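Below is one structure, written out as structure tokens; comments come after it.
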2 protein chains.
Amino acid sequence: MSNDSVSKRAGSTEKVPRFQAIIEHLRQQIHSGTWPEHTALPPERTLAERFGISRMTARRALLAIETEGLAYSAGRRGRFVSPARLTYDIGNMVSFSAHAQRDDLGLSIKVISSGVIAADTTLASRLPVEMGEEFYKYTRLFLIKDHPTFIEEEFVIARLFPDLLERDLTQSTTLLLERHYDTAAHTGNIVIRMRALREEEAGLLGLATYQAGIELEQLICDKSGQPFCFGRQIWRGELAEFTAQAVVRDKTDIQSK
Amino acid sequence: MSNDSVSKRAGSTEKVPRFQAIIEHLRQQIHSGTWPEHTALPPERTLAERFGISRMTARRALLAIETEGLAYSAGRRGRFVSPARLTYDIGNMVSFSAHAQRDDLGLSIKVISSGVIAADTTLASRLPVEMGEEFYKYTRLFLIKDHPTFIEEEFVIARLFPDLLERDLTQSTTLLLERHYDTAAHTGNIVIRMRALREEEAGLLGLATYQAGIELEQLICDKSGQPFCFGRQIWRGELAEFTAQAVVRDKTDIQSK
DNA sequence: TAATTTTGTTGGTATATACCAAATACGCTG
DNA sequence: CAGCGTATTTGGTATATACCAACAAAATTA
């Protein structure tokens with residue numbers, strides 16, 4: 001146990017930092033499947049002792065593994081191996097939740113907050129409403145097998161969907177609106193970006209505040225092309241991938257040049 | 001200087017960690033525009049002294065700011081304010097480089113490597129070729145105003161584009177193929193995910209190895225729907241956002257339920 | 001048995017210190 | 001002025017230590 005692959009200055013040119021070696025070791029264990037999903041990683045102190053390094057160094061390695069998305073932290077309970085990534089098809093707005101439930105992914109939805117707000121400039125600029133028009137706003141946490149996966153904030157024009165908030169919000173909105181209001185999503189303008197998590201988001205998702213996640217905004221339109229809903233999701237970056245079909249639009253641009 | 005907003009146990013309930021306060025301060029400076037793009041951030045030691053904290057604590061704050069994408073590290077030269085995010089429309093495959101050059105974004109392309117390889121299982125499963133079929137593979141670094149932004153690795157079927165590697169690869173591939181080989185990109189299957197950077201990628205982009213970026217894979221097809229090129233880009237996550245138009249496909253799913 | 005207290009584990013924060021290597025700035029020399 | 005060597009600045013790595021708060025499990029009490 002003393003001559004681990006991690007040595008100080010054994011004789012070679014050596015420049016690999018120690019914590020990198022630990023990272024490598026952890027990656028190995030996780031990728032090889034020795035530690036299945038949700039297995040507890042060795043605690044900082046144990047890792048430090050086992051490899052003959054200081055706790056801070058062990059900590060660095062573990063944090064790196066977290067940043068990579070290979071493991072997640074559960075507060076002071078420890079760190080655990082992340083579950084597999086799932087695929088979200090942004091070209092299919094019938095949506096994730098419909099699929100997730102049908103495919104038996106173990107999806108559950110938790111309503112964090114809901115209420116009525118007045119349209120601000122952000123909303124007014126995206127949807128065909130006046131400033132101050134009433135919107136339902138609700139925030140929900142989506143969990144896969146009780147594992148926090150993403151947060152969704154949705155804004156829908158209140159006028160179009162009376163008493164929406166009285167209904168069961170722990171189901172797919174797409175389905176809800178279709179069943180009770182005869183409004184179907186038809187197209188959506190989507191923006192995807194990587195950004196740092198805010199305080200509350202990080203709390204809900206079980207991540208550190210300064211960590212990054214994937215933000216997915218969508219402006220949902222009906223058959224006539226009228227937007228009626230604006231949604232914003234924050235995903236734990238390591239838990240998803242997004243697929244889409246792209247089609248070339250303005251071919252003229254290149255020919256004219 | 002002693003009674004900064006950062007105090008130890010002054011009397012209130014106090015639970016905001018010191019480094020959080022520093023982060024807040026740095027965010028402020030950057031967002032307020034006091035420090036424009038590419039301005040040097042205070043070095044660790046200076047920050048530590050100025051706020052009366054240890055260097056390691058200052059370092060933590062700076063690393064967090066990096067992770068958030070607000071600043072980037074330039075090796076031992078220091079840390080600098082990140083430039084603004086730019087938008088990549090994945091529904092418009094005429095592509096980024098065409099736009100970037102036209103819009104005068106200051107795009108430059110650096111060829112990292114190029115050569116011929118034999119198709120492995122990954123390629124063979126995605127493109128209509130046999131295992132072992134020859135592919136041109138080239139890797140390029142894309143810079144905006146000399147700032148590393150993303151790396152692209154492309155694999156094209158060699159048979160279809162003779163002597164491609166002899167041509168000038170510091171231009172948009174889409175344009176290149178269109179001009180010289182009469183092959184135009186028509187549709188693309190795209191996957192976007194967040195993932196950790198590998199060693200060399202991090203080096204080229206000027207990031208730490210364990211940091212995360214955005215990976216964008218695209219399988220490019222011609223008018224007849226035949227795939228002829230597979231590309232994989234790694235973006236510095238904070239530098240881009242991706243837009244797309246989505247259309248509902250299988251409406252039957254929900255009706256039948 | 002059920003509720004409560006105690007104890008040990010674990011991560012979170014913070015410091016002070018040390019040495020290294022890359023990059024830069026400066027001053028000297030030709 | 002150009003070229004060279006040196007000193008300084010800066011981030012990167014690593015340690016040893018300390019205390020705190022959240023949490024879980026074990027021991028104790030009602």
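Since we're looking at a predicted model, the values are computed, not measured. Chain naming here is simple, since letters A, B, ... match the order of the sequence lines and numbering starts at 1 in each.
Taken to the nearest 0.5 Å, the CZ atom of B:Phe155 stands 5.5 Å off from the CZ atom of B:Arg232. Once rounded to the nearest 0.5 Å, the distance linking CG of B:Leu216 with CD of B:Gln233 reads 5.0 Å.
For the residue pair B:Thr173/B:Arg140, the side-chain donor-acceptor check at 3.5 Å is satisfied. B:Tyr210 and A:Glu68 are not linked by any side-chain donor-acceptor pair at a separation below 3.5 angstrom, with hydrogens and angles left out of the test.
Ring planes of A:Trp235 and A:Phe242: perpendicular class, angle over 60° (limits at 30 and 60°).
The distance from atom CD of A:Glu44 to atom P of C:dT10 is 10 Å, rounded to the nearest whole Å. Separating the CZ atom of B:Arg18 from the P atom of C:dG12 is a distance of 19 Å, rounded to the nearest angstrom. The distance from atom CD of A:Gln211 to atom C1' of C:dG12 is 14 Å, rounded to the nearest whole Å. What separates CD of A:Glu49 from C1' of D:dT15 is a distance of 16 Å, to the nearest Å. In this structure, CZ of A:Phe80 is placed 17 Å from P of C:dT9, rounded to the nearest angstrom.
For the pair B:Thr46 (side chain) and B:Pro42 (backbone), a donor-acceptor distance under 3.5 Å is absent.
The A:Arg45 side chain lies nearest to C:dT10 when the options are D:dT10, C:dT13, C:dT10.
A 6.0 Å sphere centred on CD of A:Glu49 holds no more than 12 heavy atoms belonging to other residues, nucleotides or ligands. For CD of A:Glu37, the number of neighbouring non-hydrogen atoms (other residues, nucleotides, ligands) closer than 6.0 Å is greater than 12.
Looking at residues two or more places apart in sequence or on another chain, you find no side chain to side chain donor-acceptor pair (under 3.5 Å) involving B:Tyr136. Every residue two or more places apart in sequence or in another chain was checked for a salt bridge (Lys or Arg N to Asp or Glu O under 4.0 Å) with A:Arg85, and none qualifies.
In the region residues 196-203 of chain A, proximity to DNA chain D at under 4.0 angstrom, judged on heavy atoms, holds for none of the residues. Within a heavy-atom distance below 4.0 Å of DNA chain D, the residues of residues 54-63 of chain A found are A:Ser54, A:Arg55, A:Met56, A:Thr57, A:Arg60.
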Indicate every side-chain donor-acceptor pair of residues 69-78 of chain B with a distance under 3.5 Å to a residue at least two apart or in another chain.
residue : atom : partner : partner atom : Å
B:Tyr72 : OH   : B:His38 : ND1          : 2.7

Every protein N/O lying under 3.5 Å from an N/O of nucleotides 23-25 of chain D:
residue : atom : partner : partner atom : Å
D:dA24  : OP1  : A:Arg77 : NE           : 3.3

